[in-house]
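Remember, it's a predicted structure, so these values are computed and weren't measured experimentally.
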Amino acid sequence: GAVVSQHPSWVICKSGTSVKIECRSLDFQATTMFWYRQFPKQSLMLMATSNEGSKATYEQGVEKDKFLINHASLTLSTLTVTSAHPEDSSFYICSAPTGLAEGTQYFGPGTRLTVL
Amino acid sequence: AQKITQTQPGMFVQEKEAVTLDCTYDTSDQSYGLFWYKQPSSGEMIFLIYQGSYDEQNATEGRYSLNFQKARKSANLVISASQLGDSAMYFCAMREGPDTGGFKTIFGAGTRLFVKA
């Protein structure tokens, strides 16, 4: 079964509104989680590393004030897209390290955001 | 800076034949990990195979094998006996740093594989 869940699986919102996406690790703790964005027919682009109990680390070019990340507990990280615009429409995927030596990730099922 | 290159945007293969998906990488780290993930149309990311930078033998997982050529910085995925269900997007990825969970993973552009009946 799934070990990382995301909610919602899809969301449609109006331009200018904020959208929160949750990423939960199921039956394991994740001090670190990763947020990716994937545009249609493109690769996964790492947006930020979410760290439990501290500030997220954002990749170059990602606006931290627009994409707010909160890692409030060892099983939950949230990504809030503030004042969403149509260009923010994308597939957002979170992941958490499995804890195995090779550093593989458990990926969430993704959240499809459409901003009208 | 790290970089993953997948030069084949799309590949066709006949069912039951083998196919090789290319991946080259660039890193200055001595310790790193290489992965292949499959992404079907549903969007989920499915882990296929892993190769550590210090592993001397090529990784194999069932019908998947990774042709690791460290000097050439390539990590090609070989799928043997292709099945219709193998049709999907395939991503090569690299984890920087040693084998700990906190290091980020970056992805190549992907190769879409089409398996023909």
With a 6.0 Å cut-off (strictly less than), is the heavy-atom count around [atom1] of [X], excluding the residue itself, greater than 12?
X       : atom1 : value
B:Gln30 : CD    : no
B:Lys70 : NZ    : yes
B:Met11 : CE    : yes
A:Lys64 : NZ    : no
A:His7  : NE2   : no

Other ILVMFWY residues reachable from A:Met33 by side-chain steps of under 4.5 Å: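 Members alongside A:Met33: none; it stands by itself.
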
ILVMFWY clustering at 4.5 Å (side-chain atoms), partners of A:Ile12: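 A:Trp10, A:Leu116, which link up through side-chain heavy atoms under 4.5 Å apart, make up the rest of the cluster.
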
Closest-packed option against chain A by number of heavy-atom pairs under 4.5 Å, given B:Gly110, B:Gly43, B:Pro9: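 Sorted descending by pairs with chain A, the first entry is B:Gly43.
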
Proximal component of A:Leu46, with respect to chain B [non-hydrogen, under 4.5 Å]: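 Only the side chain of A:Leu46 comes within 4.5 Å of chain B.
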
Per-residue contact mode, A:Tyr106 against chain B (heavy atom under 4.5 angstrom):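 Contact with chain B: none, neither part.
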
For a 4.5 angstrom cut-off between non-hydrogen side-chain atoms, does [X] reach [Y]?
X        : Y        : value
B:Met45  : A:Leu44  : yes
B:Thr105 : A:Tyr36  : yes
B:Tyr37  : A:Gln105 : yes

Centroid-centroid under 6.0 Å between A:Phe107 and B:Phe47 rings: no

Minimal non-hydrogen separation, A:Ser43 against B:Ala109, with atom names: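 Closest heavy-atom pair between A:Ser43 and B:Ala109: CB-CA, 3.7 Å.
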
Spacing of CZ belonging to B:Phe107 relative to CD belonging to A:Gln38, to within rounding of 0.5 Å: 9.0 Å

Interatomic distance, A:Ile93 atom CD1 to B:Gln39 atom CD [nearest 0.5 angstrom]: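 If I round to the nearest 0.5 Å, the distance is 5.5 Å.
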
